[in-house]
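Naming: A, B, ... by sequence-line order, numbering from 1 per chain.
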Amino acid sequence: MAQQAMSAPGGAPASARVPLLYRRRARRWFVELAYVALTVLAAIYVVSALGGREYGFGFLTQPAAFDIGNQWLVDFDGTTSSRLTIYLVGVWSTIRVVGVAIGLATLVGVVVGVARLSQNWLVAKSAMLFVEIFRNTPLYVQAVIWYAILLFGLPGIEQVVNVGDSFLLSNRGVAIPWPDPRVGLWGGPAWLAGSWFATLAIGAAVALRVRAVRQGQERETGEYRYPNRVAMTTFAVIAGASYLLLGMPVGIDRPIVEGTTYAQGMAVFPEFASLALALTVYTGAYIAEIVRASIQALPAGQTEAAKAIGLSGYQRLTLVVLPQALRQMIPSVTNQYLSANKNSSIALGVSYFDLFFVASIISNKIGHAVEVFFLIIVTYVVLSLIISGLMNIVNARVTLHQV
Amino acid sequence: MSTEQAASPAAGAVTSTSDDMIIVEHIDKWFGDFQALDDVSLTIREHEIVVVLGPSGSGKSTFIRCLNRLEEHDSGRIFVDGIELNDDVRNLNAIRSEVGMVFQQFNLFPHLSVMSNITLGPQKVRRMSRRDAEKLAMQLLERVGIPEQAQKYPAQLSGGQQQRVAIARALAMQPKIMLFDEPTSALDPEMIKEVLDVMRELAESGMTMIVVTHEMGFAREVADRLVFFDEGAVVEQGTPTHFFENPQEERTKLFLSQIL
């Protein structure tokens, strides 16, 4: 630049030479050099700090030698299973608590967010109170309080509340009946139970298709075609008929109390319930604010136009307001889902064996802290990438028709 | 159901005669401490075209927004086609499906195509079949002159086209009355005419119309009656001839001298 200015014709005055310190290009070079130097120094430090030790994940294949509670749909035994298996049980526990919490938090968030904008003073203020309480207290504290309520507020397992041998409630959680594959009328091939579950899946798919077709007819003709009722009947008929045809291969396993815990049936333990509850209301409170803001960001004219063509309050919400607000809120809601995923790592505060709790125990017993924490970080990153990947698909689908 | 709704409130209506479409009796409207409407009474006959004039803040928009209860009046009574506008939600739904409204900012639904914007009300409120609703929508789009835009989205249309779609959307509910709240005020000058032409055609077809506008040419040519609002009250009303050639009130004269 300076060269050009000096050689410019027309008698322009020769530029003074710019000191190095004031040249833009020189400054950029200097910053970049400093950055590279610091990075190299940091790398050298890390390598020297970690060096001189053996690294490897071989310890993961050895027996875990400890047991964890709160398993769900896994057949795990700490004395024979490997450390990797027990870690994966922890990962599965994280996935299930985050999955439940994300689903329920979305529901809570939409309902509370819409309720905050209600014309009804009581409804609006109750929703506001909900948001302000659960948004402004620490998640960890909330989880511990829920845990305490479930543990000390409910009767001990000796005084278990028993509703018809099907529903048990105590401070060890809730237990309900659960399907149990058994020997059916036609003898005992084990695959009969499995094939009935497969038929259920097929039945559900058929029912959904019937519903879609009926909905299409309803849109086409404007006549009531009862898509939901017909679909549910279809499913019930397929499920019932195949159950009888396969010789009733699945029974009902009623829960019982065995010692100080539940046996058989399906139990939801207070550890899981308190963490799921805390994540649900905490995340739900944030989502409620996102929902409220997205609805308020819509021009008032949208609601007025919907009123003017005679749409009911529910129709205005579901046909005009939410379809537009939903698009606005997906990026923010995705952030909340990612937060819920990472926040689930407070699980050890309520003795819930999530991946972080299990990994901490492994590390306490055997060491290998570097490998274990590397594993923890990679697992959370993978889970987060899966969530944001799924949300990107949702986002792409809802913005498909937008211009 | 609809006959019941229509009959019972009408029995209480003392002043209703067969061709009075809208009866407004002594309504007041307050926004906090500000009185937007002050003892307004007005009767509008079937097929009548009423143009409402007035300076900004005079209450003319508030007035027509009270006629389909986008604003609630604080006192007085409003009857639309014999049905009283009150807390009865059945009355509200019956009136809203009989009164179409066109807004200054169009207020089309941006997430729906032009076609879906028009068919939404007929399908969801009138439970018309999609085929019939779409046939009706195409007829209306032809009537407002843009049948080729049916599959586009509002954001792809010009302002004038959007407002014509908004008129078609209101007409799709087959209303007895159309309310226009400054329908051309947000339009570029070259698009005003295309919207006014549609409104002119609508007026000729016998629709009962109440139009808030500053388009004096339209008012002079189309209106049966002009109503002048100032400070929330009806100051003067009369035929266009009376209004433009022989206004009586000082405030009317002042207003006309400023805009003509």
Side-chain angles (χ1 to χ4, degrees), chain A residues 118-121 212-228 291 294-331 394-403, chain B residues 64-65 67-71 89 92-114 116-134 151-157 165-166 169-175 178-179 181 186:
Chain A
S118 168
Q119 303 277 326
N120 184 321
W121 186 88
V213 167
R214 294 240 152 195
Q215 277 176 338
Q217 288 171 339
E218 197 168 78
R219 273 197 303 275
E220 205 63 44
T221 64
E223 286 160 21
Y224 290 105
R225 299 286 293 158
Y226 309 105
N228 289 323
V291 171
S294 316
I295 291 177
Q296 280 181 328
L298 286 184
Q302 289 293 307
T303 306
E304 288 179 357
K307 280 180 181 171
I309 58 172
L311 295 178
S312 70
Y314 182 73
Q315 288 174 326
R316 293 199 293 271
L317 187 68
T318 55
L319 297 172
V320 175
V321 173
L322 283 182
Q324 294 183 61
L326 191 72
R327 291 172 183 170
Q328 298 291 318
M329 64 203 206
I330 284 176
V394 173
N395 198 26
R397 284 192 63 158
V398 297
T399 50
L400 199 62
H401 304 293
Q402 195 172 30
V403 178
Chain B
I64 73 164
R65 286 162 61 84
L67 298 180
N68 66 350
R69 215 176 175 77
L70 288 182
E71 305 287 355
V89 287
L92 182 60
N93 291 341
I95 287 172
R96 281 201 177 139
S97 52
E98 276 189 25
V99 180
M101 186 154 188
V102 175
F103 300 86
Q104 182 177 351
Q105 298 295 340
F106 329 137
N107 295 344
L108 294 177
F109 305 128
H111 61 300
L112 300 176
S113 68
V114 164
S116 302
N117 263 278
I118 301 173
T119 58
L120 186 68
Q123 281 193 269
K124 296 297 175 181
V125 179
R126 298 250 190 257
R127 292 214 67 93
M128 195 184 275
S129 74
R130 190 172 81 169
R131 202 170 295 129
D132 292 351
E134 286 184 350
Q151 298 312 322
K152 289 196 180 163
Y153 282 82
Q156 295 169 300
L157 305 185
V165 172
R169 176 176 69 178
L171 290 175
M173 290 299 290
Q174 294 162 324
M178 285 283 283
L179 307 176
D181 189 1

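Among A:Pro299, A:Ala306, A:Ser312, A:Ala300, the residue with the largest count of heavy-atom pairs under 4.5 Å with chain B is A:Ala306. In terms of heavy-atom pairs under 4.5 angstrom with chain A, the leader among B:Arg69, B:Glu98, B:Lys124, B:Met101 is B:Lys124. When the candidates B:Thr119, B:Leu108, B:Leu112, B:Leu179 are compared by the number of heavy-atom contacts under 4.5 Å with chain A, B:Leu108 comes out ahead.
Between A:Ala305 and B:Asn107, the shortest heavy-atom contact is CB-O, 3.4 Å. Considering all non-hydrogen atoms of both residues, A:Glu304 and B:Leu70 come closest at O-CD2, 3.9 Å.
Using a 4.5 Å cut-off between heavy atoms, A:Gln302 contacts chain B through both its backbone and its side chain. There is no contact between B:Leu92 and chain A, counting heavy-atom distances below 4.5 Å. Heavy-atom distances place the side chain of B:Phe103, and not its backbone, under 4.5 Å from chain A.
Summarising the local packing, NZ of A:Lys307 is surrounded by more than 12 heavy atoms from other residues, nucleotides or ligands at distances under 6.0 Å.
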Stepwise side-chain contact (heavy atoms from CB on, under 4.5 Å) test for B:Leu120 and A:Leu311: CA-CA 9 Å; B:Leu120 186 68; A:Leu311 295 178; 3.9 Å; yes
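B:His111 places a side-chain N or O within 3.5 Å of a backbone atom of A:Leu319 that can act as its donor or acceptor partner.
Taking CZ from B:Phe109 and CG from A:Leu298, the interatomic distance works out to 11.0 Å, rounded to the nearest 0.5 Å.
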